[in-house]
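Notes for the one structure printed next.
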Number of protein chains: 2
Amino acid sequence: MRAHELWNRGLHGRGYRLTIPRKAILEVLSNSDDHLSAEDIYIMVHGLYPTIGLTTVYRTLDLLVQMGVVYKFDFGDGRARYELMDHFSKKAHHHHLICTSCKTIIDYDDFLDEELDLIHKTENALSNRHNFEIKGHTMQFYGLCDKCSKRF
Amino acid sequence: MRAHELWNRGLHGRGYRLTIPRKAILEVLSNSDDHLSAEDIYIMVHGLYPTIGLTTVYRTLDLLVQMGVVYKFDFGDGRARYELMDHFSKKAHHHHLICTSCKTIIDYDDFLDEELDLIHKTENALSNRHNFEIKGHTMQFYGLCDKCSKRF
DNA sequence: CTAACTGCAAATTCTTTGCATTAGT
DNA sequence: ACTAATGCAAAGAATTTGCAGTTAG
């Protein structure tokens, strides 16, 4: 499995170790498409290995974010969400439509053809201009959903 | 001034009241281009009206977010940032390039020509497809900056 | 007048830290 | 063996809530 392989390598490269908790946490992330909170992940991991604590989940997630393996999102509900980066994920894009009033999140993936094209172009342009090694992206549109829009 | 006008209307429409603190907080947001934290805003507002408390700043920001007048961002440093929505802001776009390792944020606005075009198209398409009243958007690219990229 | 709004202090909630113990390599 | 990693309990920090007094409409 790709992500595991690369994570393993990345860990060693930095002098870090591959442990049971770390394997389990990546496993859980790999098998989920949703935006998981640290606690969600903790519950799932804890189901598999009851000795693993919440602290370790947080510490491992930090590491994964630092290494560019997972995204850390915040949709404004006061708890962070985590999801595998493009490269490792079944999902190549993370585009959201968010209602600022009721906080509904629509995870859309019915892109316009040009949308994908443009993202790659932009990615390349930015990569060159700012000397960045780009690993993924996120796009969110904010507004009022049907219901909330009608409420006023 | 546009934002004030619309906010005023929006408040009344919901049975809310236009108060000194609310005016002051919108004022501060209008006169700033940066990503302000609740505390930043509190300090500025407090400078103008020393009686206004932090709680009110939080409550007002919630309201502004709900009503789609301001964005609430979270860049992962554990404190939310607020900024006027496109329509009201000098800046029409909020595009960021973020280093997942050192957390540097580049606020780029040297867009490709097509980038703007496409965003409007996408906005329209989404608006129709999902019956959303879109007020703004955000786009972020994640990766490793020059320095961090070289560190491994 | 009346209900919405406010400030303060206390309470919550998510996340981080300190430290003694355990476990990769 | 040598250190990194872990779990627990406690600490920390941003945000929220309860409540009695204040103010907009």
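Computed from heavy atoms alone, side chains included, the values below leave out hydrogens, waters and symmetry copies. Within every chain, numbering begins at 1; the chains are lettered A, B, ... in the order of the sequence lines, protein sequences first and strands thereafter.
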Handout entry: Donor-acceptor side-chain pairing of A:Gln140 and B:Thr138 below 3.5 angstrom
Key = no
Exercise for the section: Examine the side chains of B:Asp107 and B:His94 and answer whether a donor and an acceptor come within less than 3.5 Å of each other. Expected result: no
Practice task
Would you mind reporting whether B:Phe132 and A:Cys99 have side-chain heavy atoms less than 4.5 Å apart?
Solution key: yes
Handout entry: Salt bridge flag under 4.0 Å for residues A:Glu27 and A:Lys23
Key = no
Completion exercise
Note: chain B reaches DNA chain D at heavy-atom distances under 4.0 Å over the stretch, first to last nt, 5' to 3', of D:dA14 to D:dG25
Exercise for the section: Take atom NZ of B:Lys23 and atom P of C:dC5, then tell me their distance rounded to the nearest Å. Expected result: 14 Å
Handout entry: A:Ile25 side chain near A:Leu64 side chain, heavy-atom distance below 4.5 Å
Key = yes
Problem - Side-chain touch A:Thr100/B:Lys72, heavy atoms, less than 4.5 angstrom - result: no
Handout entry: 5' priority, DNA chain D, between A:Arg59 and B:Arg79 [closest heavy atom]
Key = A:Arg59
Exercise for the section: Assign B:Arg22 to base, sugar-phosphate, or nothing according to its heavy-atom contacts below 4.0 angstrom with the strands shown. Expected result: sugar-phosphate
Handout entry: Residues within residues 36-55 of chain B bordering DNA chain C, heavy-atom distance below 4.0 Å
Key = B:Thr51, B:Ile52, B:Gly53, B:Thr55
Exercise for the section: Let me know the distance between OH of A:Tyr58 and P of C:dT13, rounded to the nearest Å. Expected result: 13 Å
Give each protein N/O atom lying under 3.5 Å from an N/O atom of nucleotides 23-25 of chain C, with the pair distance.
from: C:dG24; atom 1: N2; to: A:Arg17; atom 2: NH2; distance (Å): 2.8
from: C:dG24; atom 1: N3; to: A:Arg17; atom 2: NH1; distance (Å): 3.3
from: C:dT25; atom 1: OP1; to: A:His12; atom 2: NE2; distance (Å): 3.4
from: C:dT25; atom 1: OP1; to: A:Leu18; atom 2: N; distance (Å): 3.1

Practice task
For the residue pair A:His12 and A:Asn8, confirm or rule out a side-chain donor-acceptor distance under 3.5 Å.
Solution key: yes
Practice task
Would you mind reporting whether B:His137 and B:Glu123 have side-chain heavy atoms less than 4.5 Å apart?
Solution key: yes
Practice task
Decide if atom CZ of A:Phe75 counts as having more than 12 heavy atoms of other residues, nucleotides or ligands within a radius under 6.0 Å.
Solution key: yes
Handout entry: B:Tyr108 atom OH, neighbour heavy-atom count above 12 within 6.0 Å
Key = yes
